[in-house]
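Here is the structure we will look at, set down as structure tokens.
In this text the structure is predicted, and so the values were computed from the model without any measurement. Position 1 is the first residue of the sequence; numbering continues from there.
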Amino acid sequence: MTIHTVEIPDDSEVFGKTVSAFANFGYSAAVRSHGHLFIAGTIGRRADGSIPDDIGEQTEIAIGRIAEILRMEGLDLSALVDVTSYHVDIHQHLPGFSKAKARLINPPYPTWSLIGVSGLASPGLLVEIRATAAYPDAS
């Protein structure tokens with residue numbers, strides 16, 4: 001079994017100074033195995049480390065980070081097959097999340113599960129998104 005770990009470069013414009021979180025917390029941004037790319041939970045933290053107050057902006061940043069990981073692997077958002085998002089105050093933030101998601105995710109849509117949670121890793125984070133993508137030659 002071949003496993004490939006996706007490493008985010010230290011000079012990534014999308015991840016910025018937050019790249020250190022992967023080493024600090026001991027996990028990979030994504031792992032390729034058996035024709036799929038498993039992307040760790042991504043959050044809406046700006047490249048400078050700050051967290052926007054707005055759910056729409058956090059959603060756009062998180063999906064943008066997923067798009068960057070996919071780009072590094074020669075894929076785009078259309079390769080997503082399964083997504084799970086975790087939401088603080090889901091009922092309050094779902095409309096803003098849904099608007100941002102609708103701007104960025106196009107058909108064919110992946111499966112998507114939304115889960116309400118009491119909190120995420122840092123205060124102020126409202127959404128975390130993890131995803132699985134399929135490579136074109138995977139069946």
Side-chain angles (χ1 to χ4, degrees):
M1 168 172 67
T2 303
I3 294 176
H4 166 76
T5 301
V6 177
E7 300 293 333
I8 306 297
D10 289 335
D11 63 351
S12 169
E13 289 183 21
V14 173
F15 285 84
K17 65 197 268 184
T18 68
V19 170
S20 63
F22 300 111
N24 291 346
F25 292 102
Y27 72 100
S28 299
V31 174
R32 180 177 65 213
S33 179
H34 296 284
H36 289 87
L37 183 65
F38 301 92
I39 302 170
T42 62
I43 56 173
R45 189 183 296 270
R46 295 181 185 113
D48 68 4
S50 64
I51 300 171
D53 294 330
D54 180 67
I55 184 62
E57 186 177 353
Q58 283 195 31
T59 302
E60 289 174 5
I61 292 168
I63 292 174
R65 287 174 170 226
I66 290 170
E68 175 63 7
I69 291 167
L70 291 167
R71 185 199 63 76
M72 290 172 60
E73 287 293 300
L75 302 169
D76 60 32
L77 291 169
S78 68
L80 294 175
V81 294
D82 185 51
V83 180
T84 301
S85 51
Y86 303 89
H87 303 262
V88 175
D89 297 325
I90 190 168
H91 298 293
Q92 177 185 348
H93 296 119
L94 192 56
F97 168 82
S98 296
K99 279 178 147 177
K101 177 181 171 277
R103 285 192 302 273
L104 300 169
I105 305 296
N106 300 304
Y109 298 118
T111 63
W112 201 301
S113 299
L114 293 91
I115 300 171
V117 296
S118 61
L120 295 168
S122 294
L125 289 174
L126 304 173
V127 65
E128 182 169 333
I129 305 171
R130 68 181 315 263
T132 302
Y135 289 89
D137 57 353
S139 31

Check: Glu57 main-chain N/O paired with Asp54 side-chain donor or acceptor under 3.5 Å: yes
side-chain contact (heavy atoms from CB on, under 4.5 Å) assessment of Thr132 paired with Leu37: CA-CA 6 Å; Thr132 302; Leu37 183 65; over 6 Å; no
Interatomic distance, Phe97 atom CZ to Leu114 atom CG [nearest 0.5 angstrom]: 5.0 Å
Rounded distance (nearest 0.5 Å) linking atom CG of Leu80 with atom CG of Asn106: 11.0 Å
Atom CG of Asp48: over 12 foreign heavy atoms under 6.0 Å: yes
ILVMFWY cluster, Phe38 and Phe25 together (side-chain gap under 4.5 Å): no
Minimum side-chain heavy-atom gap His4-Val6 below 4.5 Å: yes
Test item: side-chain donor near acceptor, Thr84 and Trp112, under 3.5 Å: no
Expected output: side-chain Thr42 to main-chain Ala62 donor-acceptor under 3.5 Å: yes
Verify same cluster id: Ile51, Ile61 (apolar side-chain graph, 4.5 Å): no
Which atom of Val83 lies closest to which atom of Ala131, heavy atoms considered: CG2-CB, 4.1 Å
Common cluster, Phe22/Met72, ILVMFWY with side-chain heavy-atom separation under 4.5 Å: yes
For Ile90 against Ile115, the heavy-atom pair lying closest together: CD1-C, 4.2 Å
Evaluation steps, side-chain contact (heavy atoms from CB on, under 4.5 Å), between Val127 and Ile43: CA-CA 6 Å; Val127 65; Ile43 56 173; over 6 Å; no
Gap between atom OG1 of Thr59 and atom NE2 of His87 - 0.5 Å precision: 7.5 Å
Tyr135 ring center near His36 ring center (under 6.0 Å): no
Close side-chain approach of Ser20 and Asp10, heavy atoms under 4.5 Å: no
Atom CZ of Arg32 with >12 non-hydrogen neighbours under 6.0 angstrom: yes
Gln58 CD to Leu120 CG distance, which is reported to the nearest 0.5 Å: 8.5 Å
Stepwise side-chain contact (heavy atoms from CB on, under 4.5 Å) test for Ile129 and Ile63: CA-CA 8 Å; Ile129 305 171; Ile63 292 174; 3.8 Å; yes
Distance in Å, Lys101 NZ paired with Tyr109 OH, rounded so as to fall on 0.5 Å steps: 7.0 Å
Closest contact, heavy atoms only, Ser28 versus Ala40: O-CB, 3.5 Å
Min side-chain heavy-atom separation Ile69-Ile39 under 4.5 Å: yes
From Phe15 atom CZ to Ile8 atom CD1, the distance as rounded to the nearest 0.5 Å: 4.0 Å
Nearest non-hydrogen partners of Arg46 and Pro52, listed with the distance: NH2-CB, 3.3 Å
Minimum heavy-atom distance between Val19 and Pro9, given as atom pair plus value: CG2-O, 3.6 Å
Electrostatic pair Glu68:Arg65 at N-O distance under 4.0 angstrom: no
Distance-only donor-acceptor check, side chains Ser122 and Arg45, under 3.5 Å: yes
Considering all heavy atoms, the nearest Leu75-Ala134 contact: CD2-O, 4.2 Å
